[in-house]
Each structure stands twice: as structure tokens, then as C-alpha cells.
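Just so it is clear: chains get the letters A, B, ... in the order the sequence lines come, proteins before strands, and each one is counted from 1.
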Amino acid sequence: MELRLYDTLTRDKRPFTPIDPANVRMYVCGPTVYDFAHIGNARPVIVFDVLFRLLRHLYGEAHVKYVRNITDVDDKINDRAARDYPGLPLNEAIRKVTEQTERQFHDDVDALGCLRPTVEPRATEHIGEMRSIIEKLVAGGFAYVEQDHVLFSPSAMNAANGVLPRYGSLANRSLDEMIAGARVDVAPYKRDATDFVLWKPSKPGEPSWPSPAGIATPGRPGWHIECSAMSWKHLGETFDIHGGGIDLVFPHHENEVAQSCCAFHTERMAQTWMHNGFLQVEGEKMSKSLGNFITIRELLATNKFGGRSWDGATLRLAMLKTHYRQPIDWTVDALHEAEKAILDWSDFAKDATPVRCDEVIAALTDDLNTPKMIAELHALRRAGKADELRGAMQLLGINPVVRAPVDLDATAKSLIEARTAARANKDWKESDRIRDELAAMGVVLKDGKDADGKSVTTWELAR
RNA sequence: GGCCACGUGGCGGAGUGGUUACGCGCCGGUCUGCAAAACCGUUUACUCGGGUUCGAUUCCCGACGUGGCCUCCA
């Protein structure tokens with residue numbers, strides 16, 4: 001089965017051919033660990049988890065390496081640490097913040113049914129690789145030292161001959177366009193407005209490491225260099241797939257390409273660039289100021305969104321209802337719809353034996369067409385193919401939702417008995433009154449018949 | 001201002017140069033004492049204006065609208 005993926009760089013969908021089918025390599029930009037991940041953060045995590053699962057299915061579990069970094073050096077982390085642990089030395093406080101946030105992140109994405117990546121490297125454990133790349137860039141004439149900063153020069157990159165890509169090719173804009181569009185003052189240590197920071201000096205008390213390029217003052221890395229360093233360490237100079245949110249295309253991924261290709265003299269950093277679209281909440285951009293900011297944890301464990309909590313599988317299916325490159329509108333209605341399907345499938349396939357389903361896989365191989373895939377799941381349900389449905393759910397990480405068995409209190413039980421008696425006497429008025437009373441208590445009755453045609457009443461709790 | 005993406009039936013959301021998406025909802029039916037649940041069935045679409053074509057929702061141009069990037073951001 002041929003896998004086709006859309007590449008942001010070439011802006012077309014084409015057959016995916018791994019550099020080495022025995023070692024398919026994917027890198028995805030992961031979280032900056034300073035606070036709970038929000039539902040927008042969950043989108044790339046889920047989307048690329050589905051791709052990871054598909055690649056494992058196509059090439060074998062042992063032949064796919066998925067790297068998702070953890071950014072644990074950042075101003076936001078420093079601010080958070082100083083705020084939350086004012087009594088501690090900054091470095092100690094930072095470690096508390098990053099360790100705790102990393103745990104929370106893992107708990108959340110586990111609940112969403114995501115597999116752990118093969119490697120989750122931390123930025124602070126790859127400072128040596130970052131320094132090494134920076135040294136190569138300075139030696140190659142692509143970067144320069146100024147006021148204890150090391151800066152990358154896109155114009156030097158574009159002036160160089162050879163195999164290098166043109167700076168701006170991923171973001172599809174020229175250097176001139178970037179200069180024209182720049183709306184911030186150019187820092188005094190920059191030669192050109194488009195130069196970006198590879199390394200910067202640390203203020204006293206901030207995390208710091210020995211600086212590269214002969215700089216005496218200890219410093220810390222710029223934002224973009226970590227991904228070049230970690231992908232190099234764990235995947236090599238070039239690899240197959242690089243993913244992330246579409247907002248990362250510029251400047252983050254453009255700069256990664258510049259760093260890696262110039263350091264290693266390569267034509268491409270990744271063979272395929274994949275970017276998921278943005279998420280809105282109830283038709284509006286999610287923001288703290290609008291009051292619609294929502295974390296994964298709040299969806300899973302509080303009543304903040306839609307007045308109730310939601311299963312991880314419901315959130316996952318709701319996320320996959322929209323193709324990953326489209327913008328998605330995160331709504332309560334969509335969650336209700338996803339939950340209806342999850343509960344129905346879970347019950348329908350609860351005793352099934354998972355078997356593979358080629359139609360579902362075929363939908364995914366078309367650039368992760370998850371809406372088509374979901375249509376195939378509905379088709380399996382309609383056709384009564386429980387084993388295939390169960391197998392497809394398993395492959396996709398959609399874990400069946402099983403409600404913990406609950407018991408009714410004595411009052412409700414006696415009411416049900418009283419109603420059964422009333423029905424036996426054809427006292428419909430009393431029967432309906434009791435049914436309404438139970439409904440008000442949140443107990444929904446279902447009248448049916450057993451195999452012998454005898455009247456049977458079952459119940460369930462309303463949600 | 002520059003660049004990019006998108007605009008499908010009541011709603012969500014795929015896809016295609018000529019044929020059923022799918023789901024939710026609505027409506028109808030079966031079932032039921034009546035409902036609910038369940039099952040079955042029906043219904044409605046391709047922003048607007050040009051162009052290419054035997055034929056366009058699908059390709060091209062333009063308009064309008066929405067969103068994103070250009071600054072930290074999934």
C-alpha cells in the first residue's frame with residue numbers, strides 16, 4: 001500500500017519513500033514545559049501519533065524511530081520558576097517546574113491514547129551538540145560573533161554556492177520580503193534584520209553553559225538551535241519527516257533548515273515537512289484574554305468545557321474528525337458527536353477479536369485522511385464487522401470507553417419495582433410519573449423485551 | 001502592507017472534470033400502553049462573477065468573506 005504525504009516545502013502530495021525503510025525517522029517539535037498543555041498543543045501530538053502508528057504498521061514496529069523533543073530551557077520556564085518557587089535558587093526551581101510539567105504532559109497525552117515516542121530528548125542534555133553545530137556554522141562563514149552573541153546570517157547562506165537550499169524556501173518568501181515585513185527594531189548586535197540568534201549570553205542567575213566560538217561569558221542557546229542538535233543526535237544529518245504546527249514554519253523550521261543544512265552541507269534537512277493546521281475554540285481564537293483557553297487536563301478532569309468532563313478517546317476522535325491540514329473548530333457539539341460514536345463502537349466491539357482492516361489503512365495512506373478513515377469505521381459498524389472495527393480502533397489508538405459499573409441506590413431500585421408493578425396493572429399514569437421522577441434523578445429507563453418476549457426494563461445513568 | 005490557506009446541504013466534514021461521501025440533526029417507519037433507546041428509510045450542497053471545456057462544485061482569472069504567518073506561539 002503506497003503512502004502519500006503532503007510536503008510543505010514542495011507544496012504537493014507525493015509518494016513517501018523513506019531514505020532507509022529499515023529505519024524510518026521522524027522528528028516532531030514537542031512541548032516547552034512550563035505549564036499544562038492546552039488543547040491546541042494536543043493536535044500535533046495526536047496527528048503525529050497516528051502517523052507514527054501508520055508508519056509502524058507499514059514498515060514494522062522496530063523500523064520506525066520517532067523523536068519528539070522536550071524544550072526545557074526557555075524564558076517562559078524561567079519566569080514560571082521564579083514566580084512559583086521564589087525561595088529557591090533559580091536553577092533548582094527551574095528543575096522542579098520542568099520535571100513536574102513533563103509528568104503532567106505525559107499523563108495527559110497518555111490519556112489521549114498516544115504512544116510514547118521512541119526518544120524524547122531534553123534540550124538541556126544536548127548543549128554539547130548545539131555548541132558543535134554553532135562552531136561549524138562560524139567556521140563555515142554562516143554565523144558570526146557580536147557582543148557575546150552568535151548570530152546566523154541568512155544572506156551569507158544564500159551567497160554560498162553548492163547544494164544548500166535558499167533561505168526562505170520553506171516559508172515560501174524571499175529575504176527581501178522578510179526585511180520589508182519586519183516590524184520589530186533590529187537588535188544592535190545584528191548585522192542584518194533577518195539574522196537570528198544561535199547563542200546568547202546569560203544574565204546572572206539564569207541557566208548558563210560554557211559558550212562556543214571563543215566567547216568568554218557563559219550563555220544559553222537560542223530557540224531554533226536545539227531542534228537541529230537533537231534531530232542530528234538521534235536521527236542523523238538528514239531524515240525522513242519533520243512535523244509540527246503550521247505556525248512553526250516560520251521562523252522556527254526555516255531556521256532549523258538553515259542551521260542543519262549549512263552545518264552539514266546538505267540539500268535538505270528532512271525529506272518531507274508536515275504541518276498541522278490551527279485550532280479555534282467555538283469559532284474564536286483560543287486565548288487567555290477571551291477566557292476560552294482550555295487545557296487537556298481541564299477537558300479530561302473538570303467541568304470547564306461543556307459543563308462536564310470527557311474521555312480521552314472522545315477528545316482523540318474529535319481531533320481526527322477534521323483533516324490535519326485544515327483549521328479545526330473545537331466545539332462542545334463536536335465532542336458530543338464524537339462521544340456518541342465512541343460509545344456505540346465500544347459497546348458494539350467489546351467482545352471482538354481485533355483483525356486488520358485494509359480500508360481504514362488505505363484512507364490513512366492518503367495523507368492521513370482521517371475523516372475518510374472515520375467514514376470507514378462507520379461503514380464497518382453498519383456492516384456488523386466488529387472484529388475489523390476493533391482492529392482499526394486498536395491501530396488508531398482509539399481505546400474503547402468502558403463505563404465503570406455503577407449501582408442504583410435503594411430508592412431508585414424500589415421506584416423501578418413500583419413502576420414495573422404499575423405497568424403490570426396497566427396503571428400508565430403512575431408508571432409515567434415514576435419514569436419522570438427517575439429521569440429527574442438522572443436515571444433513564446429503557447423498556448424492551450427479552451428473548452422470550454417478556455417485558456424487561458433496563459436503565460442507565462444520564463450524562 | 002507582503003505571503004499563504006480555506007469558502008460544500010440545518011450543523012460538522014471528505015472528495016471528484018460527467019456517477020451515493022460519512023457523521024450529527026430533522027422528518028417518516030418498525031418497535032412501545034405512550035415514550036425513550038434501538039433498527040430501517042428519506043431529505044437538502046458545492047460563496048459570487050467571468051473564462052477553459054461537449055460538460056465544472058472540481059481547472060484558470062477576478063471579487064467578496066474567513067483563518068494563518070510576517071513578533072513568543074502547536
Using the [atom1] atom in both, what is the distance from [N] to [M], to the nearest Å?
N	M	atom1	result
rU20(B)	rU42(B)	P	13 Å
rC64(B)	rC48(B)	C1'	7 Å
rG15(B)	rU58(B)	P	15 Å
rA56(B)	rC69(B)	P	38 Å
rA35(B)	rG28(B)	P	12 Å
rG17(B)	rC60(B)	C1'	13 Å
rU57(B)	rU8(B)	P	15 Å
rC31(B)	rA36(B)	P	14 Å

Nearest-Å distance, [atom1] ([X]) to [atom2] ([N])?
X	N	atom1	atom2	value
Y34(A)	rA74(B)	OH	C1'	11 Å
M319(A)	rG23(B)	CE	P	23 Å
L389(A)	rG23(B)	CG	P	13 Å
Y324(A)	rC6(B)	OH	P	13 Å
F196(A)	rU71(B)	CZ	P	13 Å
L317(A)	rC22(B)	CG	P	17 Å
L335(A)	rC24(B)	CG	C1'	13 Å
E376(A)	rG15(B)	CD	P	13 Å

Identified pairing partner of [N], criterion: Watson-Crick or G-U wobble below 3.5 Å:
N	value
rU30(B)	rA38(B)
rU19(B)	none
rU52(B)	none
rG1(B)	rC70(B)
rC6(B)	rG65(B)

Report the relative orientation of the aromatic rings in H224(A) and H252(A); use parallel for angles under 30°, tilted for 30 to 60°, perpendicular for over 60°.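 H224(A) vs H252(A) ring planes: tilted.
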In terms of relative ring orientation, are H336(A) and W310(A) parallel, tilted or perpendicular, with 30° and 60° separating the classes?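 Perpendicular: the ring planes of H336(A) and W310(A) meet at over 60°.
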Which atom pairs link the protein and nucleotides 35-38 of chain B when you take only N or O atoms and keep those under 3.5 Å?
residue	atom	partner	partner atom	Å
rA35(B)	N6	D447(A)	OD2	3.1
rA35(B)	N1	R435(A)	NH1	3.4
rA35(B)	N3	R435(A)	NH1	2.9
rA36(B)	N1	D447(A)	O	3.0

Of A341(A) and K285(A), whose closest RNA chain B nucleotide lies nearer the 5' terminus?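 Between the two, 5'-proximity favours A341(A).
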Given RNA chain B, 5'-ward residue of the pair Y6(A) and K76(A), judged by closest heavy atom: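 Closer to the 5' end of RNA chain B: Y6(A).
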Closest to the [X] side chain: [options]?
X	options	result
A375(A)	rC69(B), rA21(B), rC72(B)	rA21(B)
H38(A)	rC69(B), rA14(B), rA74(B)	rA74(B)
S431(A)	rC22(B), rG68(B), rG33(B)	rG33(B)
D432(A)	rC70(B), rG67(B), rG33(B)	rG33(B)
Q280(A)	rA14(B), rG67(B), rC70(B)	rG67(B)
N172(A)	rG68(B), rG15(B), rC3(B)	rC3(B)

Over-ring placement of [X] relative to [Y], 6.0 Å and 45° cut-offs:
X	Y	answer
R381(A)	F348(A)	yes
R68(A)	F48(A)	no
R325(A)	Y6(A)	yes

Touch class at under 4.0 angstrom, heavy-atom based, for [X] against every strand present:
X	result
L279(A)	base
G244(A)	sugar-phosphate
Q326(A)	sugar-phosphate

With a cut-off of less than 4.0 Å, is there a side-chain N or O of R382(A) near OP1 or OP2 of rG23(B)?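 The answer is yes; a side-chain N or O of R382(A) sits under 4.0 Å from OP1 or OP2.
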Neighbour count >12 (heavy atoms, 6.0 Å) for atom NZ, K372(A):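 No.
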Centroid separation H38(A) to W330(A) less than 6.0 Å: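 No.
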Aromatic contact, H149(A) with W199(A) (centres under 6.0 Å):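 They do not qualify: ring centres at least 6.0 Å apart.
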So which protein nitrogen or oxygen atoms get under 3.5 Å of nucleotides 9-12 of chain B's nitrogens or oxygens?
none

Does a donor on one side chain sit under 3.5 Å from an acceptor on the other, for [X] and [Y]?
X	Y	value
S431(A)	R435(A)	no
S174(A)	D176(A)	no
Y189(A)	D148(A)	no

Decide, applying a 5.5 Å centre-distance limit and a 30° plane-angle limit (both strict), whether F278(A) stacks on rA74(B).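 One would call F278(A) stacked on the rA74(B) base.
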Quick test of your reading of the model: are R433(A) and D436(A) salt-bridged, counting only N-O distances below 4.0 Å?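 D436(A) and R433(A): not salt-bridged.
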